[in-house]
2 protein chains.
Amino acid sequence: MLKKGGERKEVLRALGEVFRAHGYEGASLTLITEATGLGKGSLYHLFPGGKEQMAGEVLAEIDGWFEVNIYAPLREADDPARAIAAMIAGVDQYFHSGDRICLVGLVALGAARDTFAESVDSYFARWQHALAQLLRRSGLSKSQAQRRAEDALLTIQGALVLARARNDAGIFRRALTELTKRLLAPSD
Amino acid sequence: MLKKGGERKEVLRALGEVFRAHGYEGASLTLITEATGLGKGSLYHLFPGGKEQMAGEVLAEIDGWFEVNIYAPLREADDPARAIAAMIAGVDQYFHSGDRICLVGLVALGAARDTFAESVDSYFARWQHALAQLLRRSGLSKSQAQRRAEDALLTIQGALVLARARNDAGIFRRALTELTKRLLAPSD
DNA sequence: GAGAGATTGTACCGATCGGTACAGAGAGTC
DNA sequence: GACTCTCTGTACCGATCGGTACAATCTCTC
C-alpha cells in the first residue's frame with residue numbers, strides 16, 4: 001500500500017489538528033491514534049522518530065503551505081496592493097478567520113521551543129523577508145519595510161491569541177482589515 | 001508557621017515561572033516541587049485543589065498585579081499621554097522587555113483554556129475597557145477607542161510570541177515604541 | 001499461489017503522571 | 001513538658017506516558 005504521499009498528507013493534517021488542540025507535550029499517543037485512526041504500530045512505522053518526527057513533519061508541512069501560498073506570491077508580485085490583499089486573504093483562509101490557531105506560535109511559546117527553534121525561526125524569518133522585499137519595491141526604505149513586515153507578523157499572531165482568549169473571531173477579522181491599511185499606508 | 005501571605009506569594013511566584021516555562025499540562029508535580037522547594041505534602045496542604053488550584057491562584061495573582069499596576073492607573077488618569085507611557089513602561093517591566101511570556105496568553109492557546117476561560121477573558125476585557133475609557137477621555141469615539149485598545153492588547157501579545165519565536169527581544173521593544181505612537185495618534 | 005515486503009494490532013516495557021495516606025516533625029500555648 | 005494544630009517527607013496508588021517487540025496480516029509481484 002506504499003504511502004503515495006497523499007495518505008501521509010492526510011495523516012499530517014490530522015496530526016496538525018491534534019498538536020494545535022493540545023500542544024506538543026499535551027498531544028498524547030492515545031489522542032494521536034484516535035485522531036489519525038492509526039494504531040501505534042502504524043504510527044511508529046510511518047514515523048520511526050516518534051512524536052518529535054511527527055511534529056517536525058507537521059511544521060514542515062505548514063512551512064510548505066506558506067511557502068507556496070504566501071511567501072512565493074509575495075516574492076513574485078509586482079503590484080503591492082494586490083499582493084498584500086492576497087496575503088491577507090490567504091492568512092484569513094488558513095486560520096479560518098480566527099478560529100484556528102497558529103501551531104508555529106504555539107510551539108514557540110511552549111517547552112518544545114528549543115527542539116524546533118530552527119523551523120520556528122525560519123517560518124517567521126522567511127515570511128518577514130518576503131513581505132519586506134515587497135514593501136521595499138513599493139517605495140519604503142529598508143528599515144521601514146522590515147519594521148512594517150515585523151508589525152504584520154506580530155499583529156497576526158497577537159490577533160490569533162486574543163481572538164482565542166476572548167473567544168471572539170471578530171478580533172482577528174478586524175485586525176486583518178486594519179493591518180491591510182497599515183501595510184499600504186504611505187511612508188511615515 | 002501559618003503562611004502569613006508573604007510566603008504563599010513567594011510560592012505563587014515560583015509556580016508562575018514553572019507554568020510559564022512548561023505550560024499548564026507540562027508543569028509536572030516533579031517540576032513544581034523542584035521550583036518551589038516544597039514536597040508534595042506541603043503542596044497539597046497549601047493547595048488542596050491540586051494543579052488546577054495552583055494555576056488558578058497564579059492567574060489571580062497576575063490579574064491582581066495588572067489591576068493595581070495597569071488597570072487602576074489607567075482608570076484614574078487624566079493625562080492620556082502620561083497614562084499610556086506609564087502603561088507601556090509597566091508592561092515593559094512586567095514582561096522583562098520581551099524575555100518573559102504572558103501566562104494568560106499561553107493558557108488561552110492551550111488545552112486548559114476552557115478551565116480558566118473566565119479568568120482569561122476577564123484579564124483582557126478589563127484591560128481593554130480601562131484603556132478604551134482613557135482613550136475616550138482623550139477625544140476618541142467609542143468605537144475608535146475600543147478598536148485602538150484591542151489593537152494595543154493584540155500588539156503586546158503578538159510581540160511576545162514573535163520575540164520568543166525569533167529569540168529577539170528587540171521585537172518587543174520596537175513594538176511597544178510603535179504602539180505608543182499609534183495610541184497617541186490623532187483620530188483617523 | 002508462493003514468496004517478499006509493507007503494514008498493522010496487541011501485548012508489554014519502565015518511567016512518570018497527578019493525587020492520596022499518614023506518620024511524624026515542628027511550633028505555639030498553657 | 002504535655003497537648004494541639006500546622007506542616008512536611010515518604011511511601012504508595014492506579015492510570016497513563018512515549019516507545020518497543022513481534023507475530024499476524026495484507027498487498028503486490030512473479
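Every chain is numbered from 1 and lettered A, B, ... according to where its sequence line falls, protein lines coming before strand lines.
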Could you run down the sub-3.5 Å N/O contacts of the protein with nucleotides 10-13 of chain C?
none

From [atom1] of [X] over to [atom2] of [N], roughly how many Å is that when rounded to an integer?
X	N	atom1	atom2	value
B:L31	C:dA15	CG	P	18 Å
A:E7	C:dT7	CD	P	9 Å
A:E52	D:dC17	CD	P	19 Å
B:L29	C:dT20	CG	C1'	12 Å
B:L46	C:dG19	CG	P	15 Å
B:Y24	C:dC17	OH	C1'	13 Å
A:Q53	D:dG18	CD	P	16 Å
A:K51	D:dG19	NZ	P	7 Å

| According to the interplanar angle, ranging from 0 to 90°, do the rings of A:W127 and A:F66 count as parallel (below 30°), tilted (30 to 60°) or perpendicular (above 60°)? |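 A:W127 vs A:F66 ring planes: tilted.
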| task | Anything under 30° is parallel, anything over 60° is perpendicular, the rest tilted; go ahead and classify B:Y24 against B:F116. | result |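 Perpendicular, since the angle between the ring planes exceeds 60°.
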Salt bridge present between [X] and [Y] (N-O < 4.0 angstrom):
X	Y	value
A:R100	A:E17	yes
A:E57	A:R8	yes
A:D63	A:R126	yes

[N] phosphate, OP1 or OP2, under 4.0 Å from [X] side-chain N/O:
X	N	answer
A:T30	D:dT16	no
B:H45	D:dC7	yes
B:S28	C:dC17	yes

| field | Closest to side chain of B:Y44, choosing from C:dG18, C:dT8, D:dG9 | value |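 Of the candidates, C:dG18 comes closest.
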Going by atom type alone, with no hydrogens or angles, which donor-acceptor pairs under 3.5 Å involve a side-chain atom of residues 139-150 of chain A and a protein atom two or more places apart or on another chain?
residue: A:S141; atom: OG; partner: A:Q144; partner atom: N; Å: 3.1
residue: A:Q144; atom: NE2; partner: A:D188; partner atom: O; Å: 2.8
residue: A:Q144; atom: NE2; partner: A:D188; partner atom: OD1; Å: 2.9
residue: A:R147; atom: NH2; partner: B:R174; partner atom: O; Å: 3.4
residue: A:R148; atom: NH1; partner: A:R182; partner atom: O; Å: 3.3
residue: A:R148; atom: NH1; partner: A:L183; partner atom: O; Å: 3.2
residue: A:R148; atom: NH1; partner: A:A185; partner atom: O; Å: 2.6
residue: A:R148; atom: NH2; partner: A:A185; partner atom: O; Å: 3.4
residue: A:R148; atom: NH2; partner: A:P186; partner atom: O; Å: 3.1
residue: A:E150; atom: OE1; partner: B:R174; partner atom: NH2; Å: 3.0
residue: A:E150; atom: OE2; partner: B:R174; partner atom: NE; Å: 2.9
residue: A:E150; atom: OE2; partner: B:R174; partner atom: NH2; Å: 3.4

| So how far is it from B:E76 CD to B:Y71 OH, rounded to the nearest 0.5 Å? |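 So the CD of B:E76 and the OH of B:Y71 are separated by 14.5 Å.
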